[in-house]
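See below for the structure under consideration.
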2 protein chains.
Amino acid sequence: MQPRILDVRTRILKDNDTHARALRADFNAAGVTVISLVSSPGSGKTQLLQQVLTTLGLSYRVAALVGDLATDNDRDRLAESGAPVRQIITGTVCHLEADMIRTALDGWKLNELDFLFIENVGNLVCPSSYDLGEHLRLVLLSTTEGEDKPLKYPTIFNTADVAVITKIDIAQAVGFNRDTAVASIYRVRPGMTIIDTSARAPGGLDALLLFLKTVRAGDAR
Amino acid sequence: MQPRILDVRTRILKDNDTHARALRADFNAAGVTVISLVSSPGSGKTQLLQQVLTTLGLSYRVAALVGDLATDNDRDRLAESGAPVRQIITGTVCHLEADMIRTALDGWKLNELDFLFIENVGNLVCPSSYDLGEHLRLVLLSTTEGEDKPLKYPTIFNTADVAVITKIDIAQAVGFNRDTAVASIYRVRPGMTIIDTSARAPGGLDALLLFLKTVRAGDAR
């Protein structure tokens, strides 16, 4: 890589870190718990988040931002939960950046929220380099993707806090070996918290919801 | 975006195009048909390619390059076909570039190959901007990913030549609506060639193999 390019990349990252630090300070001051979701396209981020918003929305004040290169589809899907949702359209940019979050939040009163969720662009590479000021980053791994994804995309697992296995209901149909997947995750990130989910099975999100409530209880103390 | 960053990006793309044009000229001179595969992580590129190499390898001289951020896993999986395979490890780079292809081909005699396959890094965004000198680019869309992926990642569908639907055997289990997916593809790229595949069902790659042989017959005329 030529030095000039490296220079520019480093500067973009530093600018982003400055924005992200300011965002995190604002989130803390407002008392809102901010959770981001990253994964491959099609791992089930939107379907999972829609149900999380619907269920948590019964007891908490929740909202969401969702990033895509194009279309408002995911905003519409998430808004079915009844929560306020805004779409961030990135055009050709393969990830969200902190200043996009800042712009998208314009006019929202953060101190009137308990949870803010941020769904990143579907991508296992680029989002890993950009802090969004979130408190917790969930990386989703679908049972359909193969057990070695953590080994092939180590940085995204290293920059996330929790691994969420999605579509566990079809694990058998797609030949998913959970032990192998867990071993892959641990090779990259020993002891990482792993939560199994299914957005289609009854109670399939219970473990995740309990985890989020526990995080919130800790934040709100 | 600041002008300076745009400058640098434009220059990288131009450099890549120059490399890609030179590669394509070499591929043409050698008479090798070069096919690249792009998709999300976990869409089934490697499993599909392993079977394509195994089957085509009975009648054609085939080889493959495979890109990943980390690990040699895919080289090992593809090499089970008996074909020569080389791994390109990109580190933190979210796509393959033409000069990586050039380097990886060092020492291979292109005129002794009928087909060269290039499996890109699993990513629906970044690879779309980089010509690799290939003759044909296949974009894979798995039935587990949701029918609206073409609408959300239009550029990758616009820069590919053929859409390959993978894991068609579990379409029903995952609630995949093929008509909706085809409509999404056509909205982005009217009339795009679409080929259904299953790497697990007997004969599940027949349509794709026939297509590739037809392309080769045309190239070799």
Side-chain angles (χ1 to χ4, degrees), chain A residues 1-2 4-9 11-12 15 39-47 68-74 77 89-95 121-126 128-129 141-156 166-167 169-170 172-175 184 188 200, chain B residues 1-2 4-9 11-12 15 39-44 46-47 68-74 77 89-95 121-129 141-156 166-167 169-170 172-175 184 188 200:
Chain A
M1 190 182 287
Q2 294 98 325
R4 191 183 160 206
I5 300 173
L6 194 62
D7 262 12
V8 175
R9 288 214 182 143
R11 192 163 57 75
I12 297 174
D15 283 353
S39 79
S40 314
S43 293
K45 285 184 297 303
T46 310
Q47 192 170 357
D68 278 299
L69 274 72
T71 85
D72 287 335
N73 293 1
D74 284 359
R77 286 174 65 194
I89 293 184
T90 64
T92 58
V93 178
C94 53
H95 56 268
V121 175
N123 191 312
L124 280 184
V125 186
C126 316
S128 58
S129 307
L141 170 69
S142 144
T143 54
T144 67
E145 286 172 47
E147 297 85 354
D148 64 347
K149 283 293 157 301
L151 303 178
K152 292 164 78 176
Y153 300 88
T155 311
I156 199 99
T166 61
K167 308 187 189 182
D169 52 301
I170 56 168
Q172 202 174 354
V174 298
S184 294
V188 173
R200 302 202 308 177
Chain B
M1 190 182 291
Q2 294 98 323
R4 189 182 162 209
I5 300 173
L6 194 61
D7 261 12
V8 176
R9 287 215 182 144
R11 190 164 57 74
I12 298 175
D15 283 353
S39 80
S40 314
S43 292
T46 310
Q47 192 170 0
D68 278 298
L69 273 73
T71 83
D72 288 335
N73 293 1
D74 284 359
R77 286 174 65 193
I89 293 182
T90 64
T92 59
V93 178
C94 53
H95 56 270
V121 175
N123 190 312
L124 281 183
V125 187
C126 317
S128 58
S129 307
L141 170 69
S142 144
T143 54
T144 67
E145 286 172 47
E147 298 85 353
D148 65 345
K149 283 293 157 300
L151 304 177
K152 292 164 78 176
Y153 300 88
T155 310
I156 199 99
T166 61
K167 308 188 189 181
D169 54 300
I170 55 167
Q172 202 173 353
V174 297
S184 294
V188 173
R200 301 201 308 178

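- Taking CG from B:L124 and CG from A:L124, the interatomic distance works out to 10.5 Å, rounded to the nearest 0.5 Å.
- Interatomic distance, OG1 of B:T46 versus CG of A:D148, reported as 8.0 Å (0.5 Å rounding).
- Among the candidates A:N73, A:T155, A:L141, the residue making the largest number of heavy-atom pairs closer than 4.5 Å to chain B is A:N73.
- Considering only residues two or more places apart in sequence or on other chains, A:S128 meets the side chain to side chain donor-acceptor pair (under 3.5 Å) condition with none of them.
- With a threshold of 4.5 angstrom between heavy atoms, A:L151 approaches chain B through its backbone and through its side chain.
- Between chain A and the residues B:K167, B:E145, B:R200, B:K152, the most heavy-atom pairs under 4.5 angstrom are made by B:K152.
- Applying the side chain to side chain donor-acceptor pair (under 3.5 Å) rule to A:T166 yields no partners; only residues at least two apart in sequence or on another chain are considered.
- The contact between A:C94 and chain B is made by backbone and side chain atoms together, counting heavy-atom distances below 4.5 Å.
- For A:P41, the parts lying near chain B are the backbone and the side chain together; criterion is any non-hydrogen pair under 4.5 Å.
- At a 4.5 Å heavy-atom cutoff, the contact between B:L69 and chain A is made by backbone and side-chain atoms alike.
- Across B:G44, B:C126, B:A70, B:S43, the residue that shares the most heavy-atom pairs under 4.5 angstrom with chain A is B:A70.
- Contact of A:D169 with chain B is not made at all, since no heavy-atom distance falls under 4.5 Å.
- Comparing B:V121, B:I89, B:D74 by heavy-atom pairs within less than 4.5 Å of chain A, the highest count is held by B:D74.
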